[in-house]
Amino acid sequence: MAAVRSQREVWTNRAAILAVLVALVVMLAPIYWITSTAFKPRNLATTVPPTVVFEPTIAPFVKLFVKRSQLREPVSEEVYDAAPWWEQMVLDGGEKVVRRGRTGEVRSSGYGKRFTNSLIVSIISTILAVSMGTLTAYGFSRFRVKGEDDLLFFILSTRMLPPVVVAIPMFLMYRTVGLNDTHLGLIILYTAFNLSFSVWIMKGFIDEIPREYEEAALVDGYTRIQAFFKIVLPEAMTGIAATAVFCFITAWNEYAFALIMTNRKAQTAPPFIPSQVGSGLPDWTVIAAGTFLFLLPVAIFTFLLRNHLLRGMSFGAIRK
Amino acid sequence: MTHSEPRAGQSAARGLNDKSIRNLFIFPTIAFLIIFNIFPLLFSLYTSFTDFRASTNAPANWVGLENYSYLLTNEFIWRNFTITAKYVLISVTGQVVVGFGLAMLLNRYMPFKGLITTLLLLPMMLSMAVVGLFWKLLYDPNFGIINHSLGLGKFEWLANPDMALWAVAITDIWMWSPFVMLLSLAGLSAVPKHLYEAAEIDRAGTFYTFFRITLPLVAPILMIAIIFRTMEAFKTFDLAYILSSQPTTELIAIRLYKMAFLEWQTGLSSAFAYIVLVMVVGITMIYVKYLNKVKER
């Protein structure tokens with residue numbers, strides 16, 4: 001009887017592993033597809049049936065960063081030979097690189113700028129949210145606060161507000177004070193958004209640091225501020241790093257506020273990338289290249305964060 | 001005498017006392033959130049009683065409850081609510097089935113389990129806007145990989161008003177099933193092994209074990225996943241806005257966005273935002289209740 005059962009268990013296990021592998025292929029297929037499209041020559045991106053095997057090229061990434069226009073007629077061989085390798089890639093696609101009239105300087109597509117804007121806004125708002133959040137979390141963790149539960153609920157509830165709801169009055173206020181389409185405007189919004197998250201997560205991390213550590217330091221003559229900086233902060237470093245990565249990803253991925261509050265100067269990548277599709281026949285290889293570069297940091301961070309994902313996603317409630 | 005509550009007097013002699021440190025640490029955050037979340041909402045509460053339009057310089061006229069009564073009796077708005085309810089139902093159900101199923105499959109010894117789990121979690125970390133964009137390529141009726149691999153010929157997903165909402169929901173399920181999986185795995189790993197052993201000794205069937213042992217013990221964490229996803233699906237904007245322009249996929253958040261920033265009906269949209277806000281705060285309260293419940297364990 002026992003032997004029969006274990007035999008069955010072995011087969012159940014094998015079937016389960018097989019099913020997981022199938023699921024893995026299905027789940028990763030969309031990401032694989034957009035990645036492979038980013039390395040395809042344009043004529044292979046939208047073939048019927050879809051092209052799976054091809055010779056990879058980095059032409060989409062070159063095209064991603066420069067402004068291009070359709071070539072009316074093929075360029076002469078001399079011009080082609082005189083062009084640098086990256087410009088030849090653009091010419092191969094039947095397009096030419098747009099240059100500034102006088103200086104001949106290559107004009108950019110605007111992707112690099114949006115990418116930089118995303119970096120600026122995400123990094124600064126993360127630093128602000130995590131540092132304020134850590135202090136507040138320490139306050140809630142170590143001291144008696146009147147109406148603590150209500151305050152924590154209030155803090156979390158601000159995170160749950162739909163962006164479009166908050167955006168309506170914020171847009172009007174920003175217009176009055178001139179913060180529309182500025183980095184600062186977005187930084188404030190993302191800091192507010194991440195601050196509540198950071199308080200909740202950091203409270204969990206700080207709760208786990210034994211109070212005895214600081215109390216020993218206080219007895220040794222440290223002030224509480226010194227104890228906080230020299231004892232608590234180093235202990236909380238893993239938590240701070242995990243929280244920072246979460247905040248960064250949230251800000252990096254944010255779309256609605258960026259769409260509403262920015263248009264040219266401070267626009268980040270999420271509203272910019274889809275706007276390239278436009279009308280007519282989009283060049284999917286270039287869109288895929290832009291998407292790939294944008295998703296890459298998040299993919300790397302996900303691996304760094306893998307042991308903290310559960311905690312972050314449950315606002316610190318589940319620790320494993 | 002406990003060590004858990006350091007008293008204010010203790011370190012008062014050197015540096016700041018505990019009470020002022022507490023205030024210094026907590027107050028800026030509360031102030032920041034009040035200034036940038038609560039104050040704007042009070043402002044939009046006021047505009048919700050006016051006919052203000054941000055696109056003109058005309059002064060706002062007080063219209064009382066007119067905006068609210070207009071919205072609550074307008075059948076177009078109810079259509080948006082119906083669409084949203086349908087969307088929430090499809091996508092959350094799908095996520096629970098797929099996510100919990102995956103967790104059941106993963107809840108055993110297998111080689112490279114950590115790596116596989118992390119790879120499965122990847123979709124939920126990505127930007128919804130960008131995911132929406134590249135799923136457009138996947139859904140393309142002619143060269144899309146979905147029709148090709150499922151052998152669906154030239155099946156229209158996004159251009160078909162009846163399918164578009166399903167297409168958005170399927171993308172959402174792809175993206176967020178990993179979230180349900182992650183939380184379910186935590187719930188499953190917390191089920192004590194001896195319960196299964198006891199069930200085996202009693203020769204309990206697979207179904208009995210699942211419904212009497214596994215499910216009740218995973219339920220609290222699964223509930224958190226369900227409420228959180230319900231709330232997020234209810235607020236969905238990016239994904240549906242980018243994937244589809246069909247009127248059949250016009251979720252509440254999209255209607256709200258169009259009303260506020262394309263039609264510039266600022267007063268009316270503020271009222272609409274308030275209706276949505278009350279609903280979201282309601283769900284949030286339930287969510288936090290469950291979060292605290294799980295935390296206490």
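Sequence lines set the chain letters: A, B, ... in the order given, protein chains first and strands last, and positions in each chain run from 1. Quick caveat: nothing in here was measured; it's all calculated off a predicted structure.
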Check each atom of [X] against the heavy atoms of chain B and say whether the ones under 4.5 Å are side chain, backbone, both or neither.
| X | answer |
| --- | --- |
| A/Leu151 | side chain |
| A/Leu152 | neither |
| A/Ala29 | neither |
| A/Phe228 | side chain |
| A/Leu172 | side chain |
| A/Ile155 | both |
| A/Ile17 | both |
| A/Thr134 | neither |
| A/Ile188 | both |

message: So for B/Phe179, is it side chain, backbone, both, or neither that comes closer than 4.5 Å to the heavy atoms of chain A?
response: side chain
message: Need one label for B/Thr206: side chain, backbone, both or neither, based on atoms under 4.5 Å from any heavy atom in chain A.
response: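 Contact with chain A: side chain only.
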message: Distance to the ring centre below 6.0 angstrom and angle to the axis at most 45 degrees; does that hold for B/Lys258 and B/Trp264?
response: no
message: Both conditions, 6.0 Å and 45 degrees, for the charged tip of B/Lys293 above the ring of B/Tyr290: are they met here?
response: yes
Aromatic contact, [X] with [Y] (centres under 6.0 Å):
| X | Y | answer |
| --- | --- | --- |
| A/Trp284 | B/Phe143 | no |
| B/Phe228 | A/Phe315 | yes |
| B/Phe36 | B/Phe32 | yes |

message: Rounded at 0.5 Å granularity, tell me how far CZ in A/Phe171 sits from CG in A/Leu179.
response: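 It comes to 12.5 Å.
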message: Assess, by modelled atom type and distance only, whether the side chains of B/Thr29 and A/Thr136 contain a donor and an acceptor separated by less than 3.5 Å.
response: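 Yes.
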message: What I'd like to find out is whether the side chain of B/Phe25 reaches to under 4.5 Å of the side chain of A/Phe140, using heavy atoms alone.
response: no
